[in-house]
Every structure is written in C-alpha cells, then in structure tokens.
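Since this is a predicted model, take the numbers as computed values, not measurements. Side chains included, hydrogens not; waters and symmetry mates left out as well; all remaining heavy atoms used.
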Amino acid sequence: MELTHLDGHGAARMVDVGEKAVTKRTAQAQAVITMNPETLQKITEGAMPKGDVFACARIAGILAAKRTSEMIPMCHPIPIDGVEIAICPISDTQVRVCSTLRCTHKTGIEMEALTAASVAALTIYDMCKAIDRGMRIDEVFLLYKAGGKSGEFRRADG
C-alpha cells in the first residue's frame, strides 16, 4: 500500500488534491469518557462549578473541527458545511461523544470528525477534573465515512 503523505524518497508531503473530484462527504467519529458516577450525576444535574459541561464541550468540538488543519500537519483546510456534536450518557459512568461532519470538497473530513470528538471529550475532562482526575478517554475512532473515491466505510463494531 502506498503512503500518500510520503514522496518517493520517504519525505513528508501534503497530498495534491487539485485533480480530485468535488463530492459530498460525511464523517462520523466518537470518543467515550469514563468517570465516577458522582461526576456524571453532577454534570446531568447542572451542578458543576464551571457551568454547562456538555454545552461547552459541543462548542469546543465545533471549534476544533474548524481548526483541524492547524493542528494536524498534513490536513488540508476544508470548507465545512455542517458539524453536529451529540453527547449522551451511555451508563452511570460513561458519556459518548459523537461528531458528525459534512462537506462538499475534494478530500475527506474524517480527521475533522475525529478531532471534534476528541476535543469535546477533552473539554469534559477539563471542566470536571477538579472533582475527578481519574477520568479516562477511550474508544476514539471513525464510525462512518462516505464520499470520495474510496466510497463508504462503516465500522462494524461502532
């Protein structure tokens, strides 16, 4: 398999997407954050001292998606058509962050979806760390992507 971010001599390069077709693209990613039950209860009751944890995390995820190319060296800046960040408890100790992004462009939006989910989860950690430093962020992965030459991908266990 050819690594597209390396030239013939092994040097890093940004892929030229100039000749690629513009297509509608969608990507969905997730992150799961595990915490103490008391922490999640305080979040859902709106009792965290820093404010609405999930609202802040959604905003952080959207901002991160828009700035992905500034953080990931080989990412192209992408005109994002839409970002949705869904945050929901999946147990009494876990919260699932799911990002869904859409664009109409020459290259995919997977990295933006992964970045959005990751930063939203990191924001939850940041807003709750004063009462629960043992939180853990896991299961960060791409759930779905559509569009472009490689077509559709759907994670079997997602």
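- Under a hydrophobic-cluster definition in which Ile, Leu, Val, Met, Phe, Trp and Tyr are linked whenever side-chain heavy atoms come within less than 4.5 Å, directly or via other members, Met111 and Leu101 are assigned to the same cluster.
- Judged by distance alone, the side chains of Asp81 and Thr104 do bring a donor and an acceptor atom under 3.5 Å apart.
- Within the 3.5 Å criterion, the main-chain N or O of Leu40 finds a donor-acceptor partner in the side chain of Thr44.
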Might you work through the salt bridge (Lys or Arg N to Asp or Glu O under 4.0 Å) test for Lys129 and Asp132, ending with a clear yes or no?
-> CA-CA 5 Å; Lys129 68 182 184 266; Asp132 188 357; over 6 Å; no

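- Both Ile124 and Met48 are part of a single hydrophobic cluster, where members link through side-chain heavy atoms under 4.5 Å apart.
- Connectivity analysis of hydrophobic side chains (ILVMFWY, heavy atoms under 4.5 Å, direct or indirect) links Val119 to nothing; its cluster partners are none.
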Take Lys42 and Glu45 through the test salt bridge (Lys or Arg N to Asp or Glu O under 4.0 Å) and record every step on the way to the result.
-> CA-CA 5 Å; Lys42 284 186 178 198; Glu45 291 174 352; over 6 Å; no

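- Judged by distance alone, with hydrogens and angles left aside, the side-chain atoms of Lys66 form no donor-acceptor pair with the main-chain N or O of Pro79 at under 3.5 Å.
- No continuous path of hydrophobic side-chain contacts links Val97 to Leu63 [ILVMFWY only; heavy atoms under 4.5 Å].
- Not a single donor-acceptor pair under 3.5 Å links the side chain of Tyr125 to the backbone N or O of Ile33.
- In this structure a side-chain-to-backbone donor-acceptor pair under 3.5 Å is missing from Asn36 to Glu38.
- The backbone N or O of Glu139 sits less than 3.5 Å from a side-chain atom of Gln30, completing a donor-acceptor pair.
- The side-chain tip of Arg155 does not point at the ring of Tyr144 from less than 6.0 angstrom away and within 45° of straight on.
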With side chain to side chain donor-acceptor pair (under 3.5 Å) as the test, would you mind laying out the steps for Thr100 and Gln28 before giving the verdict?
-> CA-CA 4 Å; Thr100 304; Gln28 188 174 58; 3.0 Å; yes

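- In this structure, Lys24 places its NZ atom where only 12 or fewer heavy-atom neighbours from other residues, nucleotides or ligands lie under 6.0 Å away.
- Side-chain contact annotation: Thr34 with Gln94, donor-acceptor N/O pair under 3.5 Å present.
- Residues Thr23 and Arg25 have side chains that bring a donor and an acceptor to within less than 3.5 angstrom of each other.
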